[in-house]
Amino acid sequence: MTEVLLEVNHLKKYFPITGGLFGKHVGDVKAVDNVSFHVNKGETLGLVGESGCGKSTTGRMLMRLIEPTEGEILFEGKDITRLNEREMRKMRKEMQMVFQDPFASLNPRHTVEKILEEPLIVHGVSDKEERRRLVKEMMEVVGLSSYHIKRYPHQFSGGQRQRIGIARALMTKPKLIIADEPVSALDVSIQSQVLNLLEDLQKDFQLTYIFIAHDLGVVKHISDRVGVMYLGRLVEITEAEKLYDKPLHPYTKALLSAVPIPDPDLKHEREILTGDLPSPANPPLGCAFHTRCKECMEICKIQRPELQEIEPGHYAACHLYRKDESL
Ligand code: SF4
């Protein structure tokens, strides 16, 4: 039976814009604007969109590294937006993050041992020998030699550093991992090794993933479902297979046509995305994608389409599929 691990309802993050002599509130950057989705236990949800679409802000809000402006984040039914700092620290044992740039997220002055034992100290493993044993064990689990426990981050390659980042996230045996562009900074040859490792760990530790990426190609093999974001909103979400085989939203179609196809005999029409991403401080009226959409209609310029279930389990926010013809 599918069980929901995380449910996000109407999540918003508005960054205020101030101006004038007295720093008056003159508007908001709507980085995340009314986003709702859920993640089932053991599944991987990919969150995809161009930079500035709000996917990383969403990921950070789920960990409360950024405070939401509004909305609910239910982890195993409990709204974590209401937890105080101490309760939230405890909750972080269950949910951890893997960052894009392992070099920036690992303290260069700390050995691997110190980096990996820190989460154990925070969560009350007081015995030094026990911590060392757990650190060595985890290094081997992620494919690093425990012989290198006294090494510093700069003594490892990029791929190995990301393995350290993954090991650190796993130290507290979390249920949910939010991976924010975990392979984007790595060479293509190393990317697949890290993706394979993440897949193996998911099976071994019964993990649930939210996998954030700017490229639909990267999340294709690892995701069970994929959500596509544009200017702070979810514009399409469904099972990965459906999204890749039959995308509905014109933005998803454009993103997909940028994904290279390995077989040269298989060709697809390239839909080059034209125009710049509008500013989230001043998003276009109506459908936020209308300034770049080839299928834009008059209604798109005045009315914002809501996310609707177009086919069973397949949601999209686009007037091309609107059900209420009176609109
Ligand atoms: Fe394009 Fe209109 Fe659909 Fe927006 S609502 S994606 S502008 S067709």
Side-chain angles (χ1 to χ4, degrees), residues 8-14 27-38 45-58 71 212-220 223 225-259 261 268-327:
V8 174
N9 294 320
H10 309 293
L11 195 63
K12 293 182 185 174
K13 181 66 199 179
Y14 292 179
D28 291 293
V29 174
K30 296 180 177 175
V32 176
D33 196 11
N34 206 7
V35 164
S36 302
F37 59 86
H38 71 274
L45 175 73
L47 267 190
V48 181
E50 289 164 287
S51 78
C53 72
K55 58 192 191 302
S56 293
T57 308
T58 302
I212 298 168
H214 61 271
D215 175 351
L216 271 169
V218 170
V219 295
K220 183 169 184 179
S223 302
R225 285 184 305 128
V226 178
V228 178
M229 289 185 72
Y230 189 77
L231 272 193
R233 291 190 154 233
L234 260 182
V235 295
E236 184 161 5
I237 185 164
T238 188
E239 286 153 30
E241 218 167 284
K242 283 187 191 162
L243 190 101
Y244 289 90
D245 287 351
K246 198 182 164 214
L248 296 177
H249 199 283
Y251 178 58
T252 312
K253 290 181 191 169
L255 280 184
L256 268 177
S257 73
V259 176
I261 296 182
H268 59 187
E269 293 260 309
R270 268 192 187 278
E271 278 179 49
I272 307 293
L273 257 183
T274 51
D276 291 331
L277 188 71
S279 159
N282 188 18
L285 275 181
C287 170
F289 188 57
H290 89 253
T291 52
R292 303 166 86 189
C293 182
K294 281 197 196 133
E295 308 195 51
C296 177
M297 305 168 286
E298 275 315 304
I299 189 173
C300 307
K301 297 176 190 166
I302 44 174
Q303 190 168 5
R304 173 181 280 171
E306 292 304 325
L307 196 67
Q308 287 191 58
E309 189 168 19
I310 310 299
E311 287 166 14
H314 196 158
Y315 297 78
C318 174
H319 288 307
L320 288 172
Y321 311 97
R322 71 187 197 275
K323 288 185 174 162
D324 181 358
E325 291 302 326
S326 67
L327 281 173

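Atoms within each ligand, like the ligands themselves, are counted from 1 in listed order. Here, residue 1 is the first one in the sequence, and each next residue gets the next number.
- Ring-plane geometry between Y230 and F289 is classed as perpendicular, the angle between the planes exceeding 60 degrees on a 0 to 90 degree scale with a lower cut at 30.
- Between L243 and the options T238, V219, V48, a side-chain contact (heavy atoms from CB on, under 4.5 Å) holds for only T238.
- Of all the heavy atoms in P278 and R292, the pair that sits closest is CD-CD, 4.5 Å.
- In summary, the side chains of H314 and E236 do present a donor paired with an acceptor at a separation below 3.5 Å, with no hydrogens or angles considered.
- Panel detail: atom 3 (Fe) of ligand 1 has protein N, O or S atoms under 2.8 Å away, 1 in number.
- Under a 3.5 Å cut-off, the side chain of Y321 and the backbone N or O of A316 do not form any donor-acceptor pair.
- At a threshold of 4.0 Å, the pair E311-K242 does not count as salt-bridged, since none of the basic side-chain nitrogens sits closer than that to a carboxylate oxygen.
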